[in-house]
Colleague: 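Mind looking over this structure? Questions follow.
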Amino acid sequence: MKAESMLVTFWGTRGSISTPGPHTEKYGGNTACVSVRQGPTILVFDAGTGIRELGLHLMREYGRTGAPLEVHLLLSHTHWDHIQGLPFFSPAYLPDTKLNIYGSPKKGRFLSAVLERQMDTQYFPVSMREWKSHIAIREIKNDRIDINGIHIVSEEQHYHPGGSIRFRVTSGHAKVVYASDVELDAFMTSGPPDANQALPAHADAYKAFIQDADLLIGDGQYTTEEYMRYAGWGHTSAPVLAKTALSCGVKRLAIFHHDPQHSDRYLDRMVHRLGVEYAEKAPSGSLFLAREGMTLAIG
Ligand SMILES: [Zn+2]
Ligand SMILES: [Zn+2]
């Protein structure tokens, strides 16, 4: 029997800091948060400010059905734009919610301590102890997780300050990859492979991870010119992301983690040519900008 489609919804698409206002209405101003749902299973990638709206949406569902919520929250890393919405995630305050949080331990500071510190009274009025839900925090590096028949593989990414994790979700034949906050331009070199032996290995690992994905949600924060200025900050230029995705047979590429300085008009101009090229070279594929509120059915 064919598995149900995975429904992928973007709740926050912005990188670095939330950017509300008339210039970001189309693609959204909330920071990173994407849900992947299949039947009763709810996976959430990152807890940027977009998770607040997802929480409200889930609360309405809970109000209608009364069915306890179980949420699997997978954190790519703990930079602000990926955790700042978590204190506003309403289901965490419900006693019958099960909240499973997965993320990478960093530099000896355990994930739970990082999240708890964010809710210290110096920063936020409500302590994490006020969460009435059942919380399980699991630290992962390069792991395989099975949740109700959905397979998740995580892999560490090194080219981001402090590191980050990418995730691949497979259900039946459908494959969705979430790989934000990584600087592909730093290791996806087209030159001879002998310049730095580490680079080809990182490039091969990334390519193998995204190979033939039905949907890749990838960091494409910069233009080529911007990347020159911000090399080393841990983000990718959209053309390098597009080229890599094309070479790996990615069917749909969602450019994600939009720069806070990029208005809707700027973003439209930035990807227009890339989108045309992508469709020419991969007639059944497409490249687009991730947009807050957008839902895609995969598989
Ligand atoms: Zn980020
Ligand atoms: Zn980051």
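For ligands, and for the atoms within them, numbers begin at 1 and follow the listed sequence. Starting from 1, each residue takes its place in the sequence as its number. As a basis for the values below, the full set of heavy atoms in this structure was taken, side chains included, without hydrogen atoms, waters or symmetry mates.
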Colleague: Taking atom CD as the centre, does Q261 end up with more than 12 heavy-atom neighbours from other residues, nucleotides or ligands that are less than 6.0 angstrom away?
Modeller: no
Colleague: Only one of H77, H79, R166 passes side chain to side chain donor-acceptor pair (under 3.5 Å) with D181; say which it is.
Modeller: H77
Colleague: Output all residues satisfying ring-ring contact (aromatic ring centres under 6.0 Å, His included) with H262, sequence neighbours left out; order by chain, then residue number.
Modeller: Y266
Colleague: Hey, what's the ring geometry for H82 with H257, parallel, tilted or perpendicular (30° and 60° as the breaks)?
Modeller: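 Correct class here is parallel.
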Colleague: Considering residues, nucleotides and ligands other than I17, do more than 12 of their heavy atoms fall under 6.0 Å from its CD1?
Modeller: no
Colleague: What protein atoms of element N, O or S are positioned under 2.8 Å from the Zn ion (ligand 1)?
Modeller: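 Listed by chain and number: D81 OD2, H82 NE2, D181 OD2, H257 NE2.
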Colleague: Kindly say whether S154 contributes a backbone atom to a donor-acceptor pair with the side chain of D143 at under 3.5 angstrom?
Modeller: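 No; zero donor-acceptor contacts below 3.5 Å.
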